[in-house]
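First listed ligand is number 1; within each ligand, the first listed atom is number 1.
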Amino acid sequence: MTERIVLAYSGGLDTSVAIGWIGEATGAEVIAVAVDVGQGGESLETIRQRALGCGAVEAYVADASDEFANEYCMPTLKANALYQGHYPLVSAISRPVIVKHLVKAAREFGATTVAHGCTGKGNDQVRFEVGIQTLGPDLKCIAPVRDLALTRDKAIAFAEEKGLPIETTKKNPYSIDQNVWGRAVETGYLEDIWNAPTKDIYDYTATPEFPPAPDEVTISFEAGVPVAIDGVRVTPLQAIKELNRRAGAQGVGRIDVVEDRLVGIKSREIYEAPGAMALITAHKHLEDITVEREQARFKATVGQRWAELVYDGQWFSPLKRSLDAFIEDTQQYVTGDIRMVLHGGQAIVNGRRSETSLYDFDLATYDTGDTFDQSMARGFIELWGMSAKVASGRDIRVAGK
Ligand code: ARG
């Protein structure tokens, strides 16, 4: 029987050419798999037809947008995950869900190998292949761009020679990856890290310099997950989409960073994640009133480690799973409403309320009638500073000798 290879298919030039390229190089039949993670653009049916037109023996499309929002974006939100303090893991969290569908398709169509269109320099190859090794240990991986020398020039020549139903003239100078959680743009003019991004780079966000009137929004959460916007019930996917639209119109969520890739390279990245950044800001502020201090401090460390693991392609790892359990436990009381104003590139919280809040007005107030016994503070401070005071006495004694 002819060998079968499942290819992660985006509908773009590289993966369209990869169908025939892999076929010629290996003699295998190629099954194209396109996964909808809320990236917008062309319909899945258009993409499916193109895959068939480019020589795929089967084309499988999966609508994973709700699955992606519920099982990948929501854990990222609960962790307040920002890699290196900036990046909400847009591409990093989409790879594991795509891997799930690739492995499923490989089983369904009897494929022995999974292929993806990544280069050998980035994180995404690692995320795909580590994911596949974990979920389908018997499956092999190949990357035509990396392993079969499929360069951009060769791709264009191949498409033209074979008359593939794909645009080869429209040249985009950037490498772009997008889904409902955000958009990542890299390479080209951006590789000079002193160059400011030009306007044409952005798609999810409007220029924050000329914002429309301020937009006040109330986001309601239950156990760390957004459930309503301005009182209207929403699914996680709807919440992200609605905030992409409203925060995007205000230019919220633009990020310009040089980040540390897993492969040891520092690289310039432009992200726009209006919905994700508005949600993370709101969620963090709700945690500030509902999560106990020591748990909150520890959770910040856990969230950072979680972000690193996910960035580094360890979505399906035991440590990531254990950290998920901790994070989930902290979300029990993260229920309530956050009111924020979206304007001029910023999402600024100006009100919060929760039935499960730890904020105690009677303890906090400076007005008369507070329930806090200030006389206790003196003794507390005396003991709190004792250890450092004893050490400093020793320093003085030793220095005096
Ligand atoms: N550097 C980011 C990451 O590793 C974004 C990668 C986006 N991928 C792309 N092909 N443009 O998560």
| request: Would you mind listing which atoms of ligand 1 come within a distance below 4.0 Å of any non-hydrogen atom of Tyr271? | output: 1 (N), 2 (C), 5 (C)

| request: Just jot down the ligand 1 atoms closer than 4.0 angstrom to any heavy atom of Asn123, in number order. | output: 3 (C), 4 (O)

Around atom [atom1] of [X], are there more than 12 heavy atoms of other residues, nucleotides or ligands at under 6.0 Å?
X: Arg353; atom1: CZ; answer: no
X: Gln304; atom1: CD; answer: no
X: Phe158; atom1: CZ; answer: yes

Touching ligand 1 at all, [X]? Heavy atoms, strictly under 4.0 Å?
X: Tyr87; result: yes
X: Tyr83; result: no
X: Arg127; result: yes

| Mode of Asp124 contact toward ligand 1 - side chain, backbone, both, neither (heavy atoms, under 4.0 Å) | side chain

| task | Using a strict cut-off of less than 4.0 Å between a Lys/Arg side-chain nitrogen and an Asp/Glu carboxylate oxygen, indicate whether Glu242 and Arg246 qualify as a salt bridge. | result | yes

| Do Lys284 and Glu287 sit within salt-bridge range, that is, some charged N less than 4.0 Å from a carboxylate O? |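 Salt bridge between Lys284 and Glu287, a charged N being under 4.0 Å from a carboxylate O: no.
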
May I ask you to identify the nearest protein heavy atom to [atom], giving residue, atom name and distance to one decimal place in Å?
atom: atom 7 (C) of ligand 1; answer: Ser91 OG, 3.3 Å
atom: atom 1 (N) of ligand 1; answer: Glu259 OE2, 2.7 Å
atom: atom 11 (N) of ligand 1; answer: Ser175 OG, 3.0 Å

| request: Return yes if a side-chain donor-acceptor contact under 3.5 Å exists between Tyr311 and Glu259, otherwise no. | output: yes

| said: For Val114, run the side chain to side chain contact (heavy atoms under 4.5 Å, CB included) check against Leu7, Leu102, Ile142, Leu135 and tell me which one passes. | reply: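 Per the side chain to side chain contact (heavy atoms under 4.5 Å, CB included) rule, the option paired with Val114 is Leu102, out of Leu7, Leu102, Ile142, Leu135.
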
